[in-house]
Amino acid sequence: MRDLPFQSAADQLSALASGEVSSEELLEVYLSRIDTHNKKLNAIVTLDVERARRDARHADAQRADGAELGPLHGLPITLKDSYETAGLRTVCGRPDLKDNVPDQDAEAVRRLRTAGAVIIGKTNMPPGNQDVQADNPVFGPTRNPWNTARTSGGSAGGGAVATAAGLTALDFGSEIGGSTRIPAHFNGLYGHKATWRSIPLIGHVPYGPGVGRWAELDLACAGAQVREARDLVPVLHATVGTPERDGGFSYTLAPPRAERLSDFRVAVWTDDPACPVDDDAAAAMDDALSALKAAGAKVEVKPSSLPVSMPASHDVFLRLLFGAFTYDRSGLTPASNAALLARVVQRPRGEAMYALRGTFQSHYSWLQADVVRHEIRQRWTEFFRDYDVVLMPVTPTTAPPHHNKLIDRFGRRIQVAGQSRPYWDQVKWSALANVAGSPATTIPARTGRDGLPVGLQAMGPGGGDLTTIKFAELLGRELAGYQAPPAYV
């Protein structure tokens with residue numbers, strides 16, 4: 001059973017179906033590994049052991065009885081701690097919610113349970129999903145299993161670490177600007193952002209708890225982090241679909257546009273002066289280009305028809321992002337407003353100014369940004385008539401060191417190829433897909449000079465989730481693919 005916890009979810013589901021392993025046995029393997037490794041990594045912050053064991057036994061009994069089974073039947077998984085879970089605390093990294101125990105599941109969680117998933121527990125994240133590392137005043141930081149001095153990434157950093165280190169079969173998360181893809185890149189995983197609004201976020205904090213649970217945060221999407229790209233398919237089949245309140249309207253996943261790497265039409269966005277990348281990211285792009293050309297794929301590097309520049313797209317992203325976070329159940333108070341203004345006075349440029357502008361913008365100003373967003377989405381739709389995916393970096397670097405400033409987000413910096421760059425450069429590449437509303441999948445590509453994983457991402461047309469996943473699966477086979485962190489095998 002040594003290799004079992006590192007197998008793909010697809011292989012584990014096959015083993016469950018054949019009777020090679022029971023759900024109870026698989027759960028106990030993960031619980032044992034959590035007991036051994038989680039204290040050091042701090043990936044899983046809340047366990048639901050008794051219910052998980054009960055659900056695993058029930059899953060095994062249903063299989064034995066020949067009952068109709070869902071696509072995730074008997075598979076032990078974890079959830080990002082921003083999803084409400086009935087009877088299990090949902091903290092979202094926020095001190096004001098440290099004792100919050102919802103009385104109902106988020107809609108996506110309900111669907112995962114219906115699909116047969118056995119939920120082990122909840123994974124760590126930053127307060128209110130608002131950072132590129134998983135660290136908060138309630139639970140502290142999550143550590144990267146490749147190098148515990150490095151960040152896990154965020155916001156779904158706990159889930160990425162738990163998946164990479166073999167503490168769960170997969171983690172179901174969310175993102176608003178790369179929160180599934182960035183930690184997947186930092187930890188050597190496949191991470192997927194679903195098409196905007198294809199998976200309901202009812203019951204996803206920060207809009208929960210209370211009446212806010214029925215709202216869905218603008219730009220935000222569900223996603224998952226897995227060890228093989230094909231593991232994403234049953235997750236989507238379990239969760240994609242409009243909520244009941246939409247009165248029968250349905251959302252259907254389109255089939256992959258191609259089944260062989262040679263049949264994909266690939267636009268490659270290698271670099272950009274608005275967000276330069278280091279040598280590791282550039283080398284990963286070179287590896288991918290060589291693999292695509294060797295496979296006979298149609299490849300064009302940074303075509304002139306790209307529908308938007310990175311600065312223009314990111315301007316809209318920041319306006320919408322800070323507008324979305326203006327409504328936060330933790331509350332915009334006079335004190336928090338004063339703190340924001342004080343930070344802007346200290347550093348009157350860059351993200352601080354965008355935060356000020358976005359937080360206090362008029363409704364008319366937000367509508368202007370929303371109109372531009374939809375124009376950009378339409379231009380991407382037209383672009384994807386000629387291309388199936390855009391391949392690009394995820395972030396400028398491998399996982400940087402932990403940043404110990406939980407408050408002064410606007411003063412942070414990262415090092416990119418020996419140059420000091422804004423901390424929030426980390427989200428610029430990923431945010432392109434959030435503005436477009438497109439699906440995007442991270443692909444483990446190589447190991448960097450510092451021994452840390454390097455990933456790339458494929459962005460596709462709206463509704464083309466299975467296209468980006470198939471592309472990631474095929475390209476991942478030619479590149480590094482998932483590799484378990486050596487210290488945790």
Next on the checklist: Please evaluate residues Thr180 and His192 with respect to the criterion side chain to side chain contact (heavy atoms under 4.5 Å, CB included), reporting the C-alpha separation (whole Å), side-chain torsions for both, the decisive distance (0.1 Å), and the verdict.
Outcome noted: CA-CA 6 Å; Thr180 57; His192 183 72; 5.9 Å; no
Next on the checklist: Which residues pass the side-chain hydrogen bond (donor to acceptor under 3.5 Å, both in side chains) test with Arg377, not counting sequence neighbours?
Outcome noted: none
Next on the checklist: I'd like to check the side-chain hydrogen bond (donor to acceptor under 3.5 Å, both in side chains) partners of Trp196; sequence neighbours left out, ordered by chain and number.
Outcome noted: none
Next on the checklist: Is it the case that over 12 heavy atoms from other parts of the model lie below 6.0 angstrom from the NE2 atom of His402?
Outcome noted: yes
Checklist entry - Got a sec: does the NZ of Lys40 have more than 12 other heavy atoms crowding it under 6.0 Å? => result no
Next on the checklist: Show every salt bridge (Lys or Arg N to Asp or Glu O under 4.0 Å) that has at least one partner inside residues 471-486, sequence neighbours left out.
Outcome noted: Lys470-Glu473, Glu473-Arg477
Item to check | Plane angle bin for Trp380 and Phe383 - parallel if under 30°, tilted between 30 and 60°, otherwise perpendicular | outcome: perpendicular
Next on the checklist: Once you measure the plane-to-plane angle for Tyr83 and His204, does it fall in the parallel (<30°), tilted (30-60°) or perpendicular (>60°) bin?
Outcome noted: perpendicular
Item to check | With sequence neighbours excluded, residues passing ring-ring contact (aromatic ring centres under 6.0 Å, His included) with Phe186 | outcome: none
How long is the gap from [atom1] on [X] to [atom2] on [Y], to the nearest 0.5 Å?
{"X": "Thr114", "Y": "Asp105", "atom1": "OG1", "atom2": "CG", "answer": "9.0 Å"}
{"X": "Leu232", "Y": "Leu466", "atom1": "CG", "atom2": "CG", "answer": "9.5 Å"}
{"X": "Asn129", "Y": "Leu217", "atom1": "CG", "atom2": "CG", "answer": "8.0 Å"}
{"X": "Ser22", "Y": "Leu16", "atom1": "OG", "atom2": "CG", "answer": "7.5 Å"}

Only distances under 3.5 Å count here; give the side-chain donor-acceptor pairs of residues 443-456 to other protein atoms, sequence neighbours excluded, each with its distance to 0.1 Å.
| from | atom 1 | to | atom 2 | distance (Å) |
| --- | --- | --- | --- | --- |
| Arg446 | NE | Asp287 | OD2 | 2.8 |
| Arg446 | NH2 | Asp287 | OD2 | 3.3 |
| Arg449 | NE | Asp280 | OD1 | 3.4 |
| Asp450 | OD1 | Leu452 | N | 3.1 |
| Asp450 | OD2 | Thr398 | OG1 | 2.7 |

Is [X] salt-bridged to [Y], going by a charged N under 4.0 Å from an acidic O?
{"X": "Arg94", "Y": "Asp81", "value": "no"}
{"X": "Asp272", "Y": "Lys302", "value": "yes"}
{"X": "Glu216", "Y": "Arg245", "value": "yes"}
{"X": "Asp425", "Y": "Lys428", "value": "yes"}

Would you say that [X] contacts [Y] through its side chain, given a criterion of any heavy-atom pair below 4.5 Å between the two side chains?
{"X": "Pro126", "Y": "Gln133", "result": "no"}
{"X": "Arg53", "Y": "Glu28", "result": "yes"}
{"X": "Phe471", "Y": "Leu391", "result": "yes"}
{"X": "Val394", "Y": "Trp429", "result": "no"}
{"X": "Arg257", "Y": "Pro461", "result": "yes"}

Checklist entry - Just checking, is any N or O donor in the side chain of Asp60 or Ser23 under 3.5 Å from an acceptor N or O on the other one? => result no
Item to check | Check: Asn100/Thr90 side-chain N/O donor and acceptor closer than 3.5 Å | outcome: no
Item to check | Pair listing, side-chain hydrogen bond (donor to acceptor under 3.5 Å, both in side chains) test, anchored in residues 138-151, at least two apart | outcome: Asn124-Thr142
Checklist entry - What's the verdict on side chain to side chain contact (heavy atoms under 4.5 Å, CB included) for Gln104 and Arg213, showing C-alpha distance, side-chain angles and the deciding distance? => result CA-CA 10 Å; Gln104 56 188 317; Arg213 79 180 306 275; 3.5 Å; yes
